[in-house]
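By convention in this document, chain letters (A, B, ...) are assigned in the order of the sequence lines, proteins followed by strands, and residues within each chain are numbered from 1.
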Amino acid sequence: MPWRLLKFALNPNHSEPRFFPPETPLKERYDMVIIGGGGHGLACAYYLAREHGVTNVAVLEQGYLGGGNTGRNTTIVRSNYLTPEGVQFYDASLKLFEDLAEDFDLNIFYSNRGHYTLAHTDSAMRTMRWRAEVNKHFGIDSEVVDRSHIAANVPDMDLDCGGDAPVLGALWHAPGAVARHDAVAWGYGRGAYQRGVEIHQKTRVTGIKVDDGKVRGVSTSRGDIACDKVISMVAGSSPRITSMVGLETPIEIYPLQACVTEPVKPFLDTIIVSGSLHAYVSQSSRGELVMGASVDPNVLHSTRSSFDFVEELADKMLDLFPFTGRLRVMRQWAGMSDITPDFAPIMGKTPIEGFYLDAGWGTWGFKATPISGKTMAWTAVNDRNHELIEPFRLERFADFVQVGERGAASVGH
Amino acid sequence: MKLIPLPDLGPRPRSEFDYGGELRRPPMGADTALWAAYVFNRQGAPGLLREWWYHRPTGAWYLFERDTLADRFIRHIPVQDIQYELPSADPAV
Amino acid sequence: MPMLTLTEHPLPLWLVLGADSPACIRDSGLPLPEVMRTAALANGFLARTGREEFLFATVQPPEPIGAHCWRYRRDDHVLALRGSGWRRVMAQVCHMDLTSFAASDWLFVSAAGISVWLFGLEDGLLIGCDPSLGNYLQHTLSEIVADLAHTTSQH
Amino acid sequence: MSCRLPIQPFEWLDRHQRVRFTLEGRGFEGYPGDCVSSALWASGQRLLGRSFKYHRPRGLLSLANHDINALYENADDTHIRGDVTPISAGLQLSATNTPGGLWHDRMRWLGRLSPMLRVGFYYKAFHSPRRLFPFWEGVIRRAAGLGKVNTAWRRQVTPKWYTHCEVLVIGAGPAGMQAALHAAEGGARVILVDENPHIGGSLDYAWVHDSEAASIRVQLKQAIKAHPGIQVMTGTVAGGWYADQWIPLCTPDGIAKTRAGTMIVASGLLEQPAVFHNNDLPGVMLASGAQRLVARYAVQPCRRALLLVANDEGYRAALDMVAAGVELVAVADLGDPDARSALADELRSEGVPVFARHMIHEAEGSDGVTGAVIAPRIADGQLDLSASRRFACDGILMSVGWAPAAHLLYQAGGKLGYDERIGQIVPRELPDGVYAAGRVNGVFALADQLQDARRAAADALAVLAGHTPKGDPLRWRSRDCHSADWPIAEHPKGKNFVDMDEDLQLRDLLDAAAEGFDNIELIKRFSTVGMGPSQGKHANMNAIRVLARTLGQTIDQTGSTTARPFYHPQRLDHLAGRRFRVHQRSALHEQHVAAGAMFMEAGHWQRPDYYGSPAEREDQIRAEVRAVRNGLGIIDVSTLGKIEVLGPDAARLLDAVYTMRMTNVKQGMTRYALSVDETGVIVDDGIVGRLGADRFYVTTTTSHAAASYRQLGRYTAEWGLNVRILNRTGQLAAMNLAGPHSRRLLATLTDLDLSEDAFPYLGIREAEVAGIPARLMRVGFVGELGYEIHVPYTCAAELWQRLMADGDDYGIRPFGVEAQRRLRLEKGHIIVGQDSDGLTTPYEAGMPWSVHLKKPFFVGRQTLEVLQPRTARQLVGFALPTNYTGPELCECLLVIADGNIRGRVTSVSYSPTLGHLIGLAMIDKPLAGIDQPLPIRTTDGRIVEARQVATPFYDPEGLRQRADLQLAEAV
């Protein structure tokens, strides 16, 4: 048994250090304010402190840490994207993920399971081929595989999908992984707190002061703060924040629903995503099947659940795994996906000096947590877009230059 | 399942509809920057949004103003209220 | 009410539409029902499916007169669902409350994931859909009728 | 030793039959109506299951569907809940998550490791060294999870159905029954739902010996049975509340999806356990659990019991136990018994010692309760152990407090808050049409519950009639305290469980809060309290009390976690129901099957990919291509979008929707039509044919048929145009008769003048073919003389058969989608969605001729005007030499130049007509040029150098449109 657990037994009244600070009043001024205490916000604070020595930072979270999309997503980590800029960005994130447990000295259950994106039509097979070739070009382990490869790894899956739209093949991405999403936020939060960053929960930003194009400070539900740099990392709440500085963006908010079954003994190791069925499933380390599909069909700023979501998902899950009919859905919930026209994020500097944006995370935000924290920290410190995120600048839309992720428009998870 | 209050047919479940998205009107004669903003930018923030809804069984389009925070359909908008003239197409050349 | 049955019910169908269509129908001495209402004809019926749109279920539809009046043949697949428990069949495929759906009522609605029209009969209804979806609708409804016949016989 | 009691007045048993079943090979017996737990308990089997983390022995707790530790599995199912699943003859069960079986669980020693397994221990270890994590993860995954999944199971279809009512009443206890009756008497259509197999609720287990209840029970039950306006659904769970009162009623035979005008929640309360050392031993149970065991299953909970009480309900339970022959060794009242009611004296008169202001310090025993130690309470949570007393007993019953079963009220948007006086969370604000009645609304006295129910029903009836409801939900609320605010005792040895699902002790929550997870949402996620299968039904209330006290906050300030569907977990196959897979079928489907077609999927349609067996696929496809080039072919194109555009503004509409000019299409002619979206990206293409001044016939691609029709309708509305559009995609079938002999065959079947002048290339005509009304269009997609013939759906088979029969002399052959793809590729025609992607503009796709920027307006015009000069990519044709024998090429291979990705292959295949590989590729503009090389990288990394060639690859001048005339002239 790992020695750390022995230490618990040897001195029962040892108490572990706090992950996050107790509630303290807001200071008058900080060098930087990060709006949003989710994975991205806490990661940015962590890298600001660890890599740039900037610690006079306040992370402001309106609810509880990791309570936004960080705590509601598919927990999938992968880099088998389509465009060179997407592939390099997410691969850098995946590499950071692999070291996080050691950096934090915290088990985030980063579990390399392998990731199948199933293709049920010829056109889907072509898209898989396209992604595989771009991935291989950048040294990423992805390949198009046939039914026999899938059957070998996931013997219990019905490749004929109940006789309707059978699986023709898949994109197999060996590095695909799942991680305990809360632990990622907690690891970054503790790491930032230990390095002197202030983290304030139940603190809602109600306004951002700007005069002659420069950020001066923010007003919150617990008082005003002066600062020259504000980084907005609030995903589903991005439009509310950007409208505070009069910034128009293409972002629209669509609910993304998910659900879990009661925890059962392990029977599914790999991550399964089906493009045309728009459904995904993986089994968490606790034994629950974590399942979901694409975003809801219309704009809505709410995390309410819908019954038709779980009906349609159950129907598709039974096509892939007919034996799961007896598994019982225990809980369903939703996050708020900030969707962009080209399915790529909007990051970096904005026309307002000192106001930096990390948004447009749709259904692909969790897997970008480490690299978005790292690059946004660099960008804020240097007041210049980090090279990895330059393709995701807001101005691309004004130039009619969309990122090519939309090329393979089938929704990925 | 959300009910959409059709003015003529009464409430119908959301599953009978396709979402047409935000009502937008192209700025005629705009410069490139204004045109790009029109093409890509959206209202985004929670609030009252005027939207298109397509009712599949009857093949008819409807316009509603909806509170996108509370998910409440506030009012039906007659299409005449939002129509605009196409720039005059020159007669068949 | 007789035993539950689902039968093919081919109907000669014609769509008459256009700004001049109401006048064209009035001029040919035919009844002019309200929108989403029907009217009986000598051999069939007429449903007003829009302000300027009519679906004729009869062999001789009126000739389209006027610049803005057009007539098109319709090849909808039509089924008749009749007999005791027809509402239990529809309850498995359609969200509408059909308790008060009566003879000659008309309804456009989704059923089993496709768009259909319903026309009330004394002991059930006609259900029509696009011809390319006819096989799917008939197969789906027959399966439900068989299931319900099986379960009712069990009780 | 049997604990079965004589017949109880409202028991659920059928005493005339015996039911035998086995648990891990041991035989047990019960009556029909027994659940697994009651039958086991009746035969003295106290060990019902093992806990999730420490594998501690667990018995009966609630008999209300949250005894997660009494969980079983067998060949047919898993996660079978013993406290609600009826026994059946031959039922074979084994306990879940017990390696070695229930009695010899090899993990039962885990409890001794608990000092090491502190809250969140798995976050603190196993991650380094990294190479060992996969091993530890395997250990943890095998230890985690409860039931085993049998991959041989198959989907059981339980159809769902829709149902409607004006008043849905959830919970058929006294309040629910009264509310349903009152609403029905007010003329409403009512559905009364209860998760138990019989109605009556607490009336039939908590008021069994109460005379007032006796008359109410008879009157209510008979009235409900008799009233036609009330549909009773027992064994049915209201799974959750969704938008606009959409509520799935989950029955054993499937889910009734209900639209309820109004909803009255009368679902009662969830009794909460007390927290003391060993409060999880078999024999420790909720007092209401014991009452259910006696009243419903006629089973004696134990021989000698100690009761821990904090409310009247506890004393009534005590009297029920006395009536069931249980010896009460003591009653410990957390508060002052005499302040409560006269019941304490009644017990004392029966010789039962009643101790005021006492709490249980610990329970004794290893596999079951053998004794209890109580002590006076000093300050909250602290006990004066010097004055402790020990009682030998084999049962401890807890009646210390309640949490509301208010999940659906929360989901409906209700606001609830803590009522200090009652000691319970009660509704504060409820949305219109949503009401709470009875104990969930803090109303406890029986008569008051009935009044409160009538109030709720009257409010519902008022809203249904369009009036404002005038009932006062506070009117009948209890003035007494029914829940102790601190039913918790610390203990040096811990094992005082707050969450029985997750095995969380009091210390675990205190540690979690001390580590900074000190808000209700974070403490839940870090400790997993309330994340087990019962979703905190018996844990959340105590967890909130612990956190509130730790932070010095009120219960309301501490808040509660979000109540999410489902109230009880629901099976995937019940949620899925019957399988509706929409499929569209061409009118010519049978013809294709008869001709041996191999189908491919195209949206909801099935289209022939080629005809013949898979083994001869390539040969068949080449033969089909040759037939079209040299003789005669016919393909089913019924899946194309087909739209009538009628009216004075028809031309203006099409002119504004497509990139090329449409107002000048001559009558009787067609024009290729391309549409882009506002970002200038190609969306769809097709053909526009003009049949009259204000009559057009438009075809679109298969995949965009519905979207393009919808879009045309929207533009018509938005631009206020005088146009009618008609979607005839499924109404008309269509077949393309293509090949040099097409005109000759057609001439034998129609009077239409097919001469070049009368019916030129790209012409459109309406005429009869073989007596069938048809539209004919000369289209060039496959690049041969040919006619696309559109006919009514029901006439298509007849025409196809006639063409196939009469075409036999010309060697007619049906051809499929794959042959068509090769034929169109030989002509260099793009396929939208394959040669174009999500960002391709007409300029990149090599079709600048299709964009008429001079038009005053069309969708995407101004964007194309911006993008035209910046076009950086180009679609080019390429070919491989005839003798090419290199690696196989396929679509989406990358074009690599100087180590960078400079493009991709969008189409590539062998051209039977030209005898070599041809293809299209979207490449960076600088690379484009006729005869320039095209370096393509294969899947295994080798570079194949193709050569760029001009397109179309075949018949660039379009001479084939007159191929038959050339033949005639040559003869």
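For D:Ala656, the part lying near chain B is the side chain, with the backbone staying farther off; criterion is any non-hydrogen pair under 4.5 Å. The contact between D:Tyr709 and chain B is made entirely by side chain atoms (from C-beta outward), counting heavy-atom distances below 4.5 Å.
We find the CG-CG distance between B:Leu86 and D:Leu653 to be 8.5 Å, quoted to the nearest 0.5 Å. In this structure, the separation between CZ on B:Arg14 and CH2 on D:Trp246 is 13.5 Å, given to the nearest 0.5 Å. Here B:Gln83 contributes atom CD and D:Thr716 contributes atom OG1; the two are 10.5 Å apart, rounded to the nearest 0.5 Å. Put simply, CE on B:Met1 and CD on D:Gln245 are 15.5 Å apart, with the number rounded to the nearest 0.5 Å.
When each of D:Glu865, D:Arg714, D:Gln711 is scored by its heavy-atom pairs under 4.5 Å with chain B, the top score falls to D:Arg714.
Heavy atoms only, all atoms of each residue included: B:Pro13 and D:Arg259 are closest at CB-NH2, 4.4 Å.
A donor-acceptor pair is defined here as one N or O able to donate and one able to accept, closer than 3.5 Å; no such pair exists between the side chain of D:Asp244 and the backbone of B:Lys2. The backbone N or O of B:Tyr84 sits nowhere less than 3.5 Å from a side-chain atom of D:Glu718 that would complete a donor-acceptor pair.
Contacts between residues 30-67 of chain B and chain D, defined by a heavy-atom separation under 4.5 Å, are made by B:Ala30, B:Asp31, B:Thr32, B:Trp35, B:Tyr38, B:Val39, B:Phe40, B:Trp52, B:Tyr54, B:Trp61. Within residues 69-80 of chain B, the residues approaching chain D closer than 4.5 Å by heavy atoms are, in numerical order, B:Val79.
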Let me see the working for D:Glu678 and B:Arg24 under salt bridge (charged side-chain N to carboxylate O under 4.0 Å, His left out), right down to the final yes or no. CA-CA 12 Å; D:Glu678 283 178 330; B:Arg24 296 157 57 241; 3.0 Å; yes
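The shortest distance between side-chain heavy atoms of B:Asp18 and D:Arg710 falls below 4.5 Å.
Atom CD of D:Glu429 is surrounded by 12 or fewer heavy atoms from other residues, nucleotides or ligands within 6.0 Å.
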